[in-house]
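Sharing a structure here in structure tokens format.
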Amino acid sequence: MNLPEHSQLGKASAYIDQYDASLLFPLPREAKRREIGITGSIPFLGADMWTAFELSWLNARGKPQVALAHITVPCESTHIVESKSFKLYLNSYNNTRFESADAVRERMRHDISAAIWHGGPVQTTAGVRLLMPELFDCEPVRELTGLSIDRLDVECSLYQPAPELLGAAFNEQPVTETLTSDLLKSNCLVTGQPDWGSVQISYSGPQIDQAGLLRYIVSFRNHNEFHEQCVERIYMDIMARCKPTKLMVYARYTRRGGLDINPWRSSHPQLPPANVRTARQ
């Protein structure tokens, strides 16, 4: 079984510039999900939305091409792809010739889909969309919508996940609201390097105590876990402690190595949130 410590994270790596799908390093979701009480079927819908800013290949005549790639990894997949291995995989396109951008997109879709199911049958393929330079100017920058809880002047003293900080007004009328924070920070599970993020929490149900929620988000500050795992932990803690009838948790993390990762998890079917980068990304 692949483990995070077996990946290329934190290690000197040779940058291969000829296409090599074997560079992708899948990591199972199961162990981390067991930590937060998920066994069997997952209790949410969603996906991990990646943006790759450093993608290049050669066309049939050897001329370099560049593009942005938007990749969608369904949350029901059995594995994620470790991000440094994904960067190494993208670099392997650099001196490889492809007939067209469509050929690149299909090759990426095939390879990523195989990796996220890691030897098992591909039940849901990854989504891959390439954005060519003539459309770069169409990429907006926009902050997450909602009421920012960062406005609250709270005292914070816990810097490891503390779900006991969460609470809700169970004896009052339910509400529907969207709350945001730019104060999410966690660390890479392997290297301990900081991961900076913004989070959006949309829910219906007992009104969540905003001060407690802000302290809870801040409590991830020294926590070592991958982006996808942090978002699932936040989702499960809010669901357990605040008991909303509907819940969506969406985080956008700043890019590292030309990649950003933006997981979202929802209790109910809905359109994915807009994959629009924030100013910090």
Indicate yes or no: at least one non-hydrogen side-chain atom of Pro64 is less than 4.5 angstrom from one of Trp57.
->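 No; the side chains remain at least 4.5 Å from each other.
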
Side chains of residues 273-281: which donor-acceptor partners sit under 3.5 Å, not counting sequence neighbours?
residue : atom : partner : partner atom : Å
Asn275  : OD1  : Arg252  : NH1          : 3.0
Asn275  : OD1  : Arg252  : NH2          : 3.2
Asn275  : ND2  : His70   : ND1          : 3.2
Arg280  : NH2  : Asp182  : O            : 3.2
Arg280  : NH2  : Gly197  : O            : 2.9
Arg280  : NH2  : Ser198  : OG           : 3.1
Gln281  : OE1  : Arg252  : NE           : 2.7
Gln281  : OE1  : Arg252  : NH2          : 3.3
Gln281  : OE1  : Thr278  : N            : 2.9
Gln281  : NE2  : Tyr253  : O            : 2.8
Gln281  : NE2  : Asn262  : OD1          : 2.9

Would a distance-only check, ignoring hydrogens and angles, find a side-chain to backbone donor-acceptor pair under 3.5 Å from Arg221 to Lys185?
->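 Looks like no, no N/O pair under 3.5 Å.
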
Beyond-backbone contact of Tyr235 with Ser267, side-chain heavy atoms, under 4.5 angstrom | yes

Are Tyr89 and Trp117 co-members of a hydrophobic cluster defined by side-chain heavy atoms under 4.5 Å apart?
-> yes

Please determine, by modelled atom types, if Asn95 and Asp17 share a side-chain donor-acceptor pair under 3.5 angstrom.
->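 Short answer, yes.
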
Would you name the heavy atoms of Ala211 and Leu152 that are closest together and state the gap between them?
->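 That would be N-CD1, 3.6 Å.
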
Which distance, rounded to the nearest 0.5 Å, do you find between the CD1 of Ile208 and the CD1 of Ile149?
->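 Interatomic distance, Ile208 CD1 to Ile149 CD1, rounded to 0.5 Å: 9.0 Å.
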
Specify the closest pair of heavy atoms between Pro74 and Ile116, including all atoms of both residues, with the distance to one decimal.
-> CD-CD1, 3.8 Å

For residues Val218 and Tyr159, determine if any side-chain heavy atom of one lies less than 4.5 Å from a side-chain heavy atom of the other.
->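 Val218 vs Tyr159: side chains touch.
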
Between the main-chain N or O of Ala126 and the side-chain N or O of Arg109, is there a donor-acceptor pair closer than 3.5 Å?
-> no

Check the pair Gln123 / Glu76 against side chain to side chain contact (heavy atoms under 4.5 Å, CB included), numbers first and verdict last.
-> CA-CA 9 Å; Gln123 299 177 31; Glu76 61 265 31; over 6 Å; no

Taking ILVMFWY side chains as joined if any heavy atoms are under 4.5 angstrom apart, and letting links pass through other members, which residues group with Trp196?
-> none

So, do Met248 and Lys246 sit near enough that their side-chain heavy atoms are less than 4.5 Å apart?
->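 Met248 does not reach Lys246 side chain to side chain.
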
To the nearest 0.5 Å, how far apart are CG in Asp150 and OG in Ser181?
->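 These two atoms lie 3.5 Å from each other.
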
Following the transitive rule for hydrophobic clusters with a side-chain heavy-atom cut-off under 4.5 Å over Ile, Leu, Val, Met, Phe, Trp and Tyr, establish whether Val231 and Met239 coincide in one cluster.
->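 Yes.
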
Is there a side-chain contact between Phe86 and Ile71 (heavy atoms, below 4.5 Å)?
->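 In contact.
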
Are any of the side-chain nitrogens in Arg33 or Glu30 under 4.0 Å away from the carboxylate oxygens of its partner?
-> no

Could you state whether Val249 and Ile261 fall into the same hydrophobic cluster, counting links through intermediate Ile, Leu, Val, Met, Phe, Trp or Tyr residues with side-chain heavy atoms under 4.5 angstrom apart?
->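 No: no chain of side-chain contacts under 4.5 Å links Val249 to Ile261.
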
Kindly compute the distance separating CG (Leu247) from CD1 (Ile238), expressed to the nearest 0.5 Å.
->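 Between atom CG of Leu247 and atom CD1 of Ile238 there are 5.5 Å.
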
Counting only N and O atoms by type, is there a donor-acceptor contact under 3.5 Å from the side chain of Ser113 to the main-chain atoms of His110?
-> no

Can Ile201 be reached from Val154 by stepping across I, L, V, M, F, W or Y side chains whose heavy atoms are under 4.5 Å apart?
->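 Val154 clusters together with Ile201.
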
Nearest non-hydrogen partners of Arg233 and Tyr216, listed with the distance = O-OH, 3.6 Å

Is a side-chain donor or acceptor of Asn94 paired with a backbone partner of Asn91 at a separation under 3.5 angstrom?
->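 Yes.
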
Measure the spacing between CG of Leu27 and CZ of Phe226 and express it to the nearest 0.5 Å.
->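 That separation rounds to 5.5 Å.
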
Compare every heavy atom of Thr96 with every heavy atom of Tyr19, then report the nearest pair and how far apart it is.
->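 Looking at all heavy atoms of both residues, the closest pair is N-OG1, 2.8 Å.
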
Any donor-acceptor pair under 3.5 Å from Gln18 side chain to Ile16 backbone | no

Looking only at heavy atoms, what is the nearest atom pair of Ala101 and Leu130, with distance?
-> O-CD1, 3.5 Å

Do side-chain atoms of Ser186 reach the backbone of His223 as a donor and acceptor pair under 3.5 angstrom?
->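 It does not hold such a pair.
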
Test salt bridge (Lys or Arg N to Asp or Glu O under 4.0 Å) applied to Glu143 - qualifying residues, sequence neighbours left out =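 By the salt bridge (Lys or Arg N to Asp or Glu O under 4.0 Å) rule, Glu143 matches no residue at all.
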
On the 0 to 90° scale, with breaks at 30° and 60°, tag the Tyr93-Phe98 ring pair as parallel, tilted or perpendicular.
-> parallel

Can you tell me how far the CZ atom of Phe44 sits from the CD atom of Glu232, to the nearest 0.5 Å?
->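 Nearest 0.5 Å value for the CZ-CD distance: 3.5 Å.
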
Kindly work out whether a path of hydrophobic side-chain contacts (I/L/V/M/F/W/Y, heavy atoms less than 4.5 Å apart) joins Ile42 to Ile36.
->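 Hydrophobic grouping puts Ile42 with Ile36.
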
With sequence neighbours left out, the residues meeting side chain to side chain donor-acceptor pair (under 3.5 Å) with Ser56 are none

Minimum heavy-atom distance Pro194-Arg256, with the two atoms named = O-NH2, 2.5 Å

Which pairs would a plain distance check flag for residues 162-180, meaning a side-chain donor or acceptor within less than 3.5 Å of a matching protein atom at least two apart in sequence or in another chain?
residue : atom : partner : partner atom : Å
Thr176  : OG1  : Ser204  : OG           : 2.8
Glu177  : OE2  : Tyr203  : OH           : 2.4
Thr178  : OG1  : Ser202  : OG           : 3.0

More than 12 foreign heavy atoms under 6.0 Å from CD of Glu134: is that the case here?
-> yes

Go through the steps for Leu158 and Arg215 under the test side chain to side chain contact (heavy atoms under 4.5 Å, CB included), then give the verdict.
-> CA-CA 8 Å; Leu158 299 177; Arg215 292 188 182 98; over 6 Å; no

Donor-acceptor contact present, side-chain Thr191 to main-chain Cys188, <3.5 Å |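 No: the side chain of Thr191 does not pair with the backbone of Cys188.
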
Arg151 atom CZ: more than 12 heavy-atom contacts under 6.0 Å |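 Check passes, neighbour count above 12.
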
Does Glu139 CD have over 12 foreign heavy atoms under 6.0 Å away?
-> yes

Interatomic spacing from OG in Ser22 to CG in Leu88 - rounded to 0.5 Å = 10.5 Å

Can I get a per-line list of side-chain donor-acceptor pairs under 3.5 Å for residues 45-55, giving both atom names and the distance, sequence neighbours left out?
residue : atom : partner : partner atom : Å
Asp48   : OD1  : Arg265  : NH1          : 3.0
Asp48   : OD1  : Arg265  : NH2          : 2.8
Asp48   : OD2  : Arg29   : NH1          : 3.3
Asp48   : OD2  : Arg29   : NH2          : 2.9
Thr51   : OG1  : Asp260  : OD1          : 3.0
Glu54   : OE1  : Lys87   : NZ           : 2.9

Are side-chain heavy atoms of Val73 and Ile80 found at a separation under 4.5 Å?
->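 No, their side chains stay 4.5 Å or more apart.
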
Would a 4.5 Å heavy-atom cut-off, applied to side chains only, mark Leu189 and Gln229 as touching?
-> yes

